[in-house]
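These notes concern the structure reproduced below.
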Protein chains: 2
Amino acid sequence: MKSNNYIPFNKPYLSGKETEYINDAVESGKISGNGKYTKLCQDYFQNRYGFYKCLLTTSCTDALEMAAILLNIKEGDEVIMPSFTFVSTANAFVLRGAKIVFADSKMDEPNLDVNRIETLITPLTKAIVVVHYAGVACDMDAIMDIANRHNLYVVEDAAQAIDSHYIGANGVKKPLGSIGHLAAFSFHETKNIISGEGGMLVVNDPTFEMRSEIIWEKGTNRSAFFRGEVDKYAWVDIGSSFLPSEIVAAFLYAQLEHLDSIQQKRKLLWNMFFNLLSNSALESKIKMPFIPHYAENNAHMFYLVCDNINTRTKLIEVLKKHNFHSVFHYLSLHNSPLYYQRHDGRELFNSDKYAETLLRLPLFYELSVQNVKDICKVISEFCTTSEV
Amino acid sequence: MKSNNYIPFNKPYLSGKETEYINDAVESGKISGNGKYTKLCQDYFQNRYGFYKCLLTTSCTDALEMAAILLNIKEGDEVIMPSFTFVSTANAFVLRGAKIVFADSKMDEPNLDVNRIETLITPLTKAIVVVHYAGVACDMDAIMDIANRHNLYVVEDAAQAIDSHYIGANGVKKPLGSIGHLAAFSFHETKNIISGEGGMLVVNDPTFEMRSEIIWEKGTNRSAFFRGEVDKYAWVDIGSSFLPSEIVAAFLYAQLEHLDSIQQKRKLLWNMFFNLLSNSALESKIKMPFIPHYAENNAHMFYLVCDNINTRTKLIEVLKKHNFHSVFHYLSLHNSPLYYQRHDGRELFNSDKYAETLLRLPLFYELSVQNVKDICKVISEFCTTSEV
């Protein structure tokens, strides 16, 4: 039974102004999409991170679907992406008819192994979708170089990567989501800043700018109409209703105003986890997350890599007994019921390894320093005494 | 310039409990989709209207996309639908590769002409999508009969049709959205009950029940997992993130609690418009909406049909001068920039007629009886004195 001391895996953070802004939106008489708060959020992201153009969406899934439509993905096109990712990364492109070519993760961290991407490229390859797992950057210099040489598009699945950066070989630090031709963010309740469900498409290649607005507005040129560029708006392209309610945008805007304090707190907690668990006595059972030199950490997630699935299962149980809720994910997509028969048969050992051994610990704004100490104590005791 | 007396075309209605429920959702620690308020809304609709299964979506567009996926619409399939409809009706099926076969509207009202549907059916036809324009029922007995004889699916685009009914030849009254195999509703801010953006898929054919949940949850069997029917959830089908945030669902639930009083007020206003404008002296310029004997009116919309486009343009201007905002829609989809080259060349005279002559008057909960009188006075004067 869960006592009052129960620590959930996640708890949504409320900045305090969410309902004030929602009320303001309702009072204004405009709560459908693309209103005041949508614009405030989009401007905020464009100004803070230098994204060329931002469009709020109802989910990161929807932002990825917009990317697939913008890239004109069609039956027979191949898209390279990691197997260790959320289903939406793949679904968005499968919905347009793409064949997914799954790449393996690196040995030392879950992000895709850039050194082995090039062997997966064929004349049918259209795009590489990188996933910045846990908000930790993929090696974007290497990826953009490959993409440029093979004339491929790059989509950053930056679902977990808000306020995270990549440090290039030239020393220049770039926000994740600003490097690929397109990028997708999530504001799902488990993310650093949230709106329950929610997401955003980032357009960095200006050639996609006009069409991105059209696809966002159900395939109509409504945005151009409101700017007075056309005298009526019409059905000019495929598209969907990708834009969220102003209620959702108002909620998100209240979060953005607190982004810096949220990030400060999350980083504090993340570093505590890292320091308390970086202990050679624990290494036979658990490994710490690895952050490459080119990656900044946005403290989206604190994960451990267990030595095997039994250790992970046992550790989840032990944490649960102490009222701490830890979780695992993902199942490798190349082995999924939907895709294993379409997969080309390559073994993706690292992807399967993380599917079996990665464990996510509670990490949210209201988690206390004492909570982190308590969780780390349980884990330390488990690793030094358990006989799993 | 708009004075303080400006009457907008629409104003969102706030029941008063929206933010209380949103706060409750946030406090519960669960604001992503498929939580308490999503279930409350879905149960409400199932119980009130006898829908077999309801799934909230981020928009009616998304509900239509779910329908297209559930029907396995693929390249080459033909789908029959009216040309006088919102782009999403068509987009949802075009995204899956369908060829849209556009049907004309009836002479006496914008709904599709059932008597001419059968000539459009070919061996490639997979579904008929009916749109209950203005919440006024299509002739569902006739449509279901055609569909049954030709083994076609029927999707009700019930975007505007909440709380509206069809009265069958046998005298039995059925809620719109409960008759076709699938149905889609909208809770966009202009609808009778709202959540800014929002929608719902209704599954009436139980064979779609299990797959509808999977598609809704990004192609995973997560719903079955939470019911304990499978021990982990996996990627088993195509899908998307169709489910809205609990913030949106909480807002909608506050509206549902007031559905009866909202409907009462809207019907009062609608009947006032109808009575004040049903005057033979106005008939040379404007026609009243026609409600067939089998259709109940949910007072979603009060529209007029002008004698030609010039009258409509002039009437919009005159209303605007008096601070009343009226609007028109839709452009016939068969003539749209996206589709005119794919259309088979048939003229759809009635569709084009409504595109050119239909005018929507302000109609929302807070509109006053005096407002309606004032609007009708301007229209009456226009019709009896204007020389358009």
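Below, read A as the first sequence line, B as the second, and so on, with proteins coming before strands; counting in each chain starts at 1.
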Item to complete: Examine whether an atom of A:Leu331 lies under 4.5 Å from a heavy atom of chain B, and if so say whether it belongs to the side chain, the backbone or both; otherwise answer neither.
Response: side chain

Item to complete: Indicate yes or no for a side-chain donor-acceptor contact from A:Thr89 to the backbone of A:Phe86 under 3.5 Å, with no hydrogens or angles considered.
Response: yes

Worksheet item: Cut-off 3.5 Å, side chains only: do B:Tyr6 and B:His325 have a donor facing an acceptor?
Response: yes

Worksheet item: For A:Val236, is it the side chain, the backbone, both, or neither that has a heavy atom closer than 4.5 Å to a heavy atom of chain B?
Response: both

Worksheet item: Taking every heavy-atom pair that is under 4.5 Å apart, which of A:Glu65, A:Glu246, A:Lys11 has the most such pairs with chain B?
Response: A:Glu65

Worksheet item: With respect to B:Ile194, which candidate in B:His188, B:Glu18, B:Gln255 satisfies the side-chain contact (heavy atoms from CB on, under 4.5 Å) definition?
Response: B:Gln255

Worksheet item: For the candidates A:Lys30, A:Glu197, A:Glu27, which exhibits the highest count of non-hydrogen atom pairs separated by less than 4.5 Å from chain B?
Response: A:Glu197

Worksheet item: Has B:Phe9 got more than 12 heavy atoms of other residues, nucleotides or ligands less than 6.0 Å from its CZ?
Response: yes

Worksheet item: Side chain, backbone, both or neither: which part of A:Phe364 has an atom under 4.5 Å from a heavy atom of chain B?
Response: neither

Response to the item:
Most heavy-atom pairs under 4.5 Å with chain A, out of B:Ala234, B:Gly219, B:Gly196, B:Gly33, belong to B:Gly196

Discussion item. Distance alone, cut at 3.5 Å: any donor-acceptor contact between the side chains of B:Asp352 and B:Ser332?
Written reply: yes

Practice prompt. Would you please indicate yes or no on a ring centroid separation below 6.0 angstrom for A:Tyr339 and A:Phe102?
Written response: yes

Worksheet, complete the sentence: In terms of heavy-atom pairs under 4.5 Å with chain B, the winner among A:Ser195, A:Pro8, A:Gly97, A:Ser28 is A:Ser195

Response to the item:
So, the part of B:Ile69 with a heavy atom under 4.5 Å from chain A: the answer is side chain

Discussion item. Taking the ring centre of each residue, are A:Tyr21 and A:Phe251 less than 6.0 Å apart?
Written reply: no

Discussion item. Less than 4.5 Å to any heavy atom of chain A: does that hold for the side chain of B:Ile22, its backbone, both, or neither?
Written reply: side chain

Worksheet item: So what's closer than 4.5 Å to chain A heavy atoms on B:Phe242: side chain, backbone, both or neither?
Response: neither

Fill in: Region of A:Thr220 that comes under 4.5 Å of a non-hydrogen atom in chain B
side chain

Worksheet entry | chain A contact via B:Ser32 - which portion, at a heavy-atom distance below 4.5 Å | both

Worksheet entry | Atom group of A:Ser240 that falls short of 4.5 Å from chain B, counting heavy atoms | both

Item to complete: Give the ring-plane orientation class for A:His329 versus A:Phe84, where under 30° counts as parallel, over 60° as perpendicular and anything between as tilted.
Response: perpendicular

Worksheet entry | Contacting moiety of B:Asp62, where chain A heavy atoms sit under 4.5 Å | side chain

Fill in: 4.5 Å side-chain heavy-atom contact, A:Val248 and B:Val248
yes

Discussion item. Please classify the contact of B:Ser88 with chain A as side chain, backbone, both or neither, using a heavy-atom distance under 4.5 Å.
Written reply: side chain

Practice prompt. Before accepting this row, confirm whether a basic side-chain N of the pair A:Asp77/A:Lys99 lies closer than 4.0 Å to the acidic partner's carboxylate O.
Written response: no

